[in-house]
Protein chains: 2
Amino acid sequence: MNQWPAEISIDAFRRTWVLEGEPLWRRVFETHREKMQIKNPQIALGNLEKIFTCTFRLANSKGFQAMSLRDLSRETDISMGGLYAYIGSKDDLAAAIEEVLRQAIDDVMSDQAVISLDPVNRLKAIIYGDIYMNEIMHPWYYFCYLEAKGLSREQREAAMRMELKFDERLRDTFQAGVDAGIFTMDKIALLATNTTSMLQQWYLKRWKFQLMGTQTDEYAAFVFETTLCNLKCSLD
Amino acid sequence: MNQWPAEISIDAFRRTWVLEGEPLWRRVFETHREKMQIKNPQIALGNLEKIFTCTFRLANSKGFQAMSLRDLSRETDISMGGLYAYIGSKDDLAAAIEEVLRQAIDDVMSDQAVISLDPVNRLKAIIYGDIYMNEIMHPWYYFCYLEAKGLSREQREAAMRMELKFDERLRDTFQAGVDAGIFTMDKIALLATNTTSMLQQWYLKRWKFQLMGTQTDEYAAFVFETTLCNLKCSLD
DNA sequence: GTCTATATCTGGATAGAC
DNA sequence: GTCTATCCAGATATAGAC
C-alpha cells in the first residue's frame with residue numbers, strides 16, 4: 001500500500017502514485033481488457049494512449065457529444081474499424097474514462113497514512129495531494145466533470161458519492177481540530193463543500209489561473225491558508 | 001435605472017429586477033424578434049416560454065447536444081415545423097439563451113447604487129444580489145455554464161469577460177476596504193476568484209445543498225461571512 | 001490487428017398544404 | 001401560424017478483405 005512521503009511536493013507525489021505515462025496506460029489496458037479485441041499489450045498501450053489523449057483534446061474543446069468518431073479516427077490516425085477493436089462503443093469510451101479516474105482517486109483517497117497526522121497537517125496533506133492529482137490528471141477530471149450528464153446513472157451516482165466522501169474526509173479533519181480545541185468553526189459542512197470546490201477550481205478554471213499566472217503550489221497554499229483562516233475565525 | 005433597495009432580501013430583489021414571468025418572456029421576444037417568423041406577441045410569449053423551459057429541462061438532464069429537436073417538439077407539443085418559426089436553428093436557441101442571461105446580468109451589474117456603499121455593505125450587496133439572481137434564473141445559469149463549449153467563440157469570450165468583470169468588481173471592493181484600513185488581505189485576486197466560485201456553486205451544486213438542506217439566505221450569509229473572515233485574517 | 005467499404009439510422013432543416 | 005411529409009448530411013457500427 002502506497003502512502004504519502006514526509007515531504008509534500010508534486011515530485012514526491014508523482015513518485016508515490018504513478019498516475020501518468022506507461023504505467024497509467026497499462027492500468028487502462030488491464031481494466032478494460034475484456035471490452036477490447038486486442039490482446040497484445042505491446043500493441044495496445046500506444047494506441048490506447050492515442051485514443052484517450054485525442055479524446056480529451058477533442059472533447060475538451062468541442063464537447064464529447066459533438067466529437068464524432070470520424071474526428072477521433074482522423075486525429076488518432078486509426079481507422080474507424082480500428083477504433084472499434086479498442087472500444088465497445090462511443091459511450092463505452094466515456095465510461096472507461098470515468099472508471100479509470102474513479103479508480104485512481106479511490107486508490108489515493110484510501111491512503112491510511114494521512115489519518116494518523118494531526119488535524120492541521122492532515123488538512124495540508126489532503127489539500128496538496130488533491131491539487132497535485134488534479135494537476136497531473138487534469139484532462140481526466142475536466143472531462144468527467146463536464147461530460148457527467150452523458151454518463152450512465154450508476155456512474156453519475158458513483159461520482160457524486162465520491163465527492164460526498166471527499167467532503168466527509170474534510171469534515172472529519174475539521175471536526176478533529178475542533179475537538180482538539182484548535183479550530184472554532186461551526187459551519188463545518190458548508191466549509192467542507194467550499195474547500196472541495198476551491199480544489200475543483202484548479203482544473204475547472206485553468207484559463208483564469210493561467211491569466212493570473214498562478215502556480216500550482218501557490219494555489220495549494222492559498223486553499224490551505226484560507227481554509228485554515230476560516231477554521232480559526234469566529235464569525236460574528 | 002433600477003437600483004438596490006435599502007433592504008436586502010430576495011423579495012425586494014424580485015420586485016426591483018423583474019427576471020421571471022411574463023416580463024422575462026416579453027424581453028426574450030423583443031431581443032429575438034428579427035430571428036422569428038412570429039410577429040404577434042400574444043401568441044409568441046406562451047410558446048417561447050414552453051420552448052425555453054422545456055429546453056432547460058431536457059438539456060439540463062441529458063445535455064443540449066444529446067437533446068434532439070424531436071425531443072423538444074414532443075415535450076413542447078409544438079411540431080418540428082412549428083419550432084422553426086421561433087428559432088433559426090438549434091445553435092440559435094443556445095445562443096439566444098446565453099444572450100438573454102448575459103443581458104440580464106449586465107443590467108443588474110451596472111447598478112450604480114452599489115458603488116456608493118462602504119466596502120462591507122458593498123460586498124454584502126454584491127454577494128446577496130448574485131445569489132438571488134442565481135436562484136431566480138437558475139436554469140439559465142446552469143445551462144450557460146455547462147453548455148459553454150457548444151457556443152460560438154464570441155459568446156464564450158463574452159461569458160469569460162463577464163466573469164472577469166465580476167471578479168474585478170469584487171477586487172475593487174476588497175481594495176477599497178484595504179485602503180480604508182478595514183481589511184488586511186494580500187491575495188486579493190485569488191480571494192476574488194474564490195468568492196466568485198462560491199457564488200457559482202449555488203447553481204452548480206444544487207443537489208448537494210438540497211441534500212444538506214441549505215437555504216438561500218443561509219448560503220448567502222455563509223459566502224459573505226467567510227469572505228469577510230478571509231479579508232480580516234492575516235495569513236502569516 | 002488493421003483497413004476499406006458499407007449498412008443503417010438519427011436528427012437538423014425545409015417545402016408546401018391547410 | 002401551425003402541421004405533415006420529406007430531404008439529406010453525417011453519425012455509429014459492422015462485415016469482410018488483407
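Keep in mind the model is a prediction, meaning the values are calculated, not measured. Just so we're on the same page: letters track the sequence lines, and every chain starts at 1.
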Its contact letters, B for base, S for sugar-phosphate only and - for none at protein heavy atoms under 4.0 Å, make nucleotides 6-12 of chain C read -----BB

Aromatic Phe64(B) / basic Lys149(A) pairing, under 6.0 angstrom, 45° off normal: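 No.
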
Send over the distance from [X] [atom1] to [N] [atom2], rounded to a whole Å.
| X | N | atom1 | atom2 | result |
| --- | --- | --- | --- | --- |
| Gln42(A) | dG1(C) | CD | P | 11 Å |
| Lys39(B) | dT2(D) | NZ | C1' | 16 Å |
| Asp77(A) | dG1(C) | CG | P | 20 Å |
| Leu45(B) | dG1(D) | CG | P | 12 Å |
| Arg74(A) | dT4(C) | CZ | P | 14 Å |
| Leu48(A) | dT2(C) | CG | P | 11 Å |
| Asp91(A) | dT12(D) | CG | P | 10 Å |

More than 12 foreign heavy atoms under 6.0 Å from CD of Glu30(B): is that the case here?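 More than 12 within 6.0 Å, yes.
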
In terms of side-chain geometry, is the basic nitrogen of Glu49(B) or Arg26(B) positioned less than 4.0 Å from the acidic oxygen of its partner?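 No, this pair does not count.
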
Quick test of your reading of the model: are Asp172(B) and Arg169(B) salt-bridged, counting only N-O distances below 4.0 Å?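 Looking at Arg169(B) together with Asp172(B), the answer is no, because their closest N to O distance does not fall below 4.0 Å.
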
Report yes if at least one side-chain N or O of Asn47(B) is closer than 4.0 Å to OP1 or OP2 of dG1(D); otherwise report no.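 No, because none of the side-chain N or O atoms of Asn47(B) sits under 4.0 Å from OP1 or OP2 of dG1(D).
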
Does a donor on one side chain sit under 3.5 Å from an acceptor on the other, for Tyr132(A) and Asp11(A)?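 No, Asp11(A) and Tyr132(A) have no side-chain donor paired with an acceptor closer than 3.5 Å.
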
Check for a donor-acceptor pair, side chain of Lys90(B) on one end and backbone N or O of Ser68(B) on the other, with a separation under 3.5 Å.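 No: the side chain of Lys90(B) does not pair with the backbone of Ser68(B).
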
